[in-house]
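Report on the structure given below.
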Amino acid sequence: MGAGFSSLATEKKTVTHPSNPNISDLPESCIASILSCLEPSEICKLARLNKTFHQASLADVVWASKVPENHEILVKKLFSEEGSSESLSKKEIFSRLCRPIPFSGDTKEVWLENSSRGICVAISWKGLKITGIDDRRYWTHISTDESRFHTIAYLQQMWWLEVEGNLEFEFPAGNYSLFFRLQLGRASKRRGSRRIINNLEQVHGWNKPVQFQLASSNGEHVASKCYLNEAAGKWMHYHVGDFVVENSYIPTKLNFSMAQIDCTHTKAGLCLDSVFIFPIETVNKLKQF
């Protein structure tokens, strides 16, 4: 009987197992499921491990949670050469949406903020209705690399300021904020040196607040006032208001404006760049623009 137990013990010792098992031995579908729980940057890093991880990283299941829920509408609206989302993988859609996409005659840009799956929009001053913009006595147009649109509008002198804009877009559901990007004082650059602000002596007439307004098709309406002369000499993002998108498949219509129509003094020295719309949870990234 003792010999029998000794024999069993010997058999247990000789059982073989796969040598050096690792995560790469998992089925590709299992790896894809794991990758789908990670952030895009982490997925791209792991895709470089080996061929199995690379193939798994291309699966639609990995990127389905990264693209907006209304991505079919966005593809049709923004990728005119494709026609539909069926011809593109989820990864291709995500990758394209993360890059700024111009539309509306290149006066607007849209891109995906991948940490929130919300959409960001930038609207050039050329896409706004500005009183007197075509009269060089009042406004001049300046080429500059300080704007993502490579040009800004500079107010030389005027009795009143009125700027209006509108947008109709299928935003993914969420909360958004709208800002005007403005600067008092004309900016210039010298090659090989930091930005120098000059012509601040031309800035005048801003002792009264500018009024901002925002209205959405959801019935929201916000009005606020702000003094611009408290931050002369640097680009600032002036918060106009917030709006909520509940249905990603219905276009949200926005109307927004800024005005200073006190005619007791002329106004001058304002640089108008653009309007930005960001998901509320990512507005801290505005400092990059």
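When a residue number appears, it is its place in the shown sequence, counting from 1.
- Between the side chains of E28 and T52, no donor-acceptor pair of N or O atoms lies under 3.5 Å.
- With rounding to the nearest 0.5 angstrom, the CG atom of L74 is 7.0 Å from the CD atom of E170.
- In this structure, CE in M158 is found 9.5 Å from NZ in K267, a value given to the nearest 0.5 Å.
- Figure legend: cation-pi geometry between R148 and W111, with NZ or CZ positioned under 6.0 Å from the six-membered ring centre and within 45° of its axis.
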Original post:
Yes or no on side chain to side chain donor-acceptor pair (under 3.5 Å) for T140 and Q156, after CA distance, side-chain angles and deciding distance?
Top reply: CA-CA 7 Å; T140 185; Q156 300 189 113; 4.9 Å; no

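- Follow the hydrophobic side-chain contacts under 4.5 Å out from F94 and you reach L78 in the same cluster.
- Between H141 and W125, the distance separating the two ring centers is shorter than 6.0 angstrom.
- There is a side-chain donor-acceptor pair under 3.5 Å between E146 and W235.
- Not counting sequence neighbours, the partners of F276 by the ring-ring contact (aromatic ring centres under 6.0 Å, His included) test are H237, F289.
- Counting only residues at least two apart or on different chains, the ring-ring contact (aromatic ring centres under 6.0 Å, His included) pairs with a member in residues 238-258 are F171-F243, Y176-F243, F179-H239.
- Counting heavy-atom neighbours within 6.0 Å of I280 CD1, excluding the residue itself, gives a total above 12.
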**OP:** Could you please spell out the steps behind the side chain to side chain contact (heavy atoms under 4.5 Å, CB included) verdict for V203 and N229?
**Re:** CA-CA 9 Å; V203 177; N229 54 8; 5.9 Å; no

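- Counted by atom type alone, E92 and S89 present one or more donor-acceptor pairs between their side chains at under 3.5 Å.
- Residues L167 and F212 share a hydrophobic cluster, clusters being chains of Ile/Leu/Val/Met/Phe/Trp/Tyr side chains in contact below 4.5 Å.
- Side-chain contact, T266 with H204: a donor N or O sits under 3.5 Å from an acceptor N or O.
- Between the side chain of T282 and the backbone N or O of F278 there is no donor-acceptor pair closer than 3.5 Å.
- Within a 6.0 Å sphere centred on CD of E246, other residues, nucleotides and ligands contribute 12 heavy atoms or fewer.
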